[in-house]
Protein chains: 2
Amino acid sequence: MLTTAFSPHDHSHCITTAINHAQDLCADRSVRLTPVRQRVLELVWHSHQPIGAYELLASLAKEGFNSAPPTVYRALEFLSEQGLLHKLESINAYVGCCNPDTPHQGHFLLCQACNQAQELDSQYITLALKHSAEQHGFEIQSHTIEIVGTCQGCLDKSKAVEYKI
Amino acid sequence: MLTTAFSPHDHSHCITTAINHAQDLCADRSVRLTPVRQRVLELVWHSHQPIGAYELLASLAKEGFNSAPPTVYRALEFLSEQGLLHKLESINAYVGCCNPDTPHQGHFLLCQACNQAQELDSQYITLALKHSAEQHGFEIQSHTIEIVGTCQGCLDKSKAVEYKI
DNA sequence: CATGTTATGTTATGTTATAACAATCGTCAA
DNA sequence: TTGACGATTGTTATAACATAACATAACATG
């Protein structure tokens with residue numbers, strides 16, 4: 001079994017790492033990780049679940065940031081362009097990306113029980129997509145791969161309940 | 001090369017077939033393909049591109065149907081439950097399903113040039129998803145697989161233009 | 001320090017989708 | 001054949017998600 005977002009872990013460490021990483025990466029690329037942008041990234045990482053734009057906006061408002069929609073959408077756009085987060089199209093929510101150095105679009109496992117998301121970057125899936133596209137003479141530019149279901153931890157919990165009955 | 005939505009074809013034939021099929025299928029299942037529901041399905045099929053709920057609503061309004069959003073969303077929900085259409089999450093639009101008999105969620109190729117969609121049901125992709133999910137002890141319930149790019153026909157056209165320069 | 005560029009503020013609106021409750025239609029048994 | 005029930009549709013309102021357009025401010029750099 002691999003380590004995933006679904007497994008228990010020290011999430012504050014994830015956040016710190018992600019933010020430091022983002023700072024370095026933005027410095028390298030000479031783009032500005034401004035206060036709003038950094039704060040949005042922190043909030044996205046701080047949430048254990050994919051988070052929506054308006055929820056982010058509410059948090060920003062509480063903290064004294066400007067709270068009109070364009071503020072958060074601009075930050076999300078910037079972070080997305082820099083590969084620092086991904087949008088989950090099927091639920092209109094955003095998650096931090098663990099591997100922003102190499103541009104990519106991930107494949108996601110979404111648990112409907114705990115509402116957490118795990119990013120994958122499966123070569124099997126990538127190859128299968130390529131293969132299917134080639135069969136149709138189709139040239140791939142981007143993709144949305146979101147798998148909804150139940151994660152290991154939630155399956156274990158529901159089994160535990162079952163046995164106690 | 002396979003035959004696809006992208007290839008030229010007699011689309012009115014597609015529509016007729018799809019509607020007849022839907023009528024039979026609803027009769028078999030003892031569910032009601034009411035006038036609005038059938039009209040929405042026809043409109044979805046009539047469009048050569050995935051179509052949005054509010055565009056459907058505008059067409060219904062012109063034809064004297066009730067034109068409040070719940071009308072079209074209810075019809076879409078019904079048709080979706082019966083497997084007669086699919087929603088494309090990444091563009092909030094709907095397409096008819098060619099194979100509504102066996103419940104499934106398709107894999108889609110979306111051409112950004114001609115805005116057409118082609119449904120696939122690739123065993124490669126299905127197996128790759130299963131494999132990745134298993135690696136994480138994840139139980140799949142549903143998925144969203146949408147591949148954006150350029151279809152064969154549009155690639156050919158752009159190449160033709162290139163050569164003429 | 002002026003000037004262009006990038007980022008943010010602000011107002012308004014567009015787009016997609018659902019909640020909640022009332023009215024109507026279809027069906028089928030008494 | 002009617003009345004009772006569930007399914008469907010009508011209606012009003014609003015929630016949830018996202019962008020247009022233009023004004024202002026911050027910044028970097030020649």
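The structure displayed is predicted, hence computed values, not measured ones. Each chain gets a letter, A, B and so on, in the order its sequence line appears, and its residues count up from 1. Computed over heavy atoms, backbone and side chain alike; hydrogens, waters and symmetry mates excluded.
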Should we count NE2 of B/H46 as having more than 12 external heavy atoms under 6.0 Å?
-> no
Could you check whether the rings of A/H104 and A/H86 sit parallel, tilted or perpendicular, using 30° and 60° as the cut-offs?
-> perpendicular
With A/E81, which residues qualify under side-chain contact (heavy atoms from CB on, under 4.5 Å), at least two apart?
-> A/E77
Report the distance from atom CD of A/Q82 to atom P of C/dT6, rounded to the nearest whole Å.
-> 13 Å
So how far is it from A/C26 SG to A/F78 CZ, rounded to the nearest 0.5 Å?
-> 4.0 Å
CD of A/Q38 versus P of C/dT8: gap in Å, rounded?
-> 12 Å
Please report, rounded to the nearest Å, how far the C1' atom of C/dA7 is from the CD atom of A/E81.
-> 13 Å
Between B/R32 and C/dT27, does any side-chain N or O lie under 4.0 Å from OP1 or OP2?
-> no
For A/N92, all residues meeting side-chain contact (heavy atoms from CB on, under 4.5 Å), sequence neighbours excluded | A/K87
Which nucleotides of nucleotides 10-23 of chain D have their base under 4.0 Å from a protein heavy atom (B), which only their sugar-phosphate (S), and which neither (-), written as one string 5' to 3'?
-> BBB----BBBBBB-
Value in whole Å for how far the P atom of C/dT6 lies from CG of A/L33 = 17 Å
Decide if atom CZ of A/F65 counts as having more than 12 heavy atoms of other residues, nucleotides or ligands within a radius under 6.0 Å.
-> yes
Length of the line joining A/R37:CZ and C/dT8:C1', which is rounded to integer Å | 9 Å
Measure the distance from CZ on B/R29 to C1' on D/dA7 and round it to the nearest whole Å.
-> 18 Å
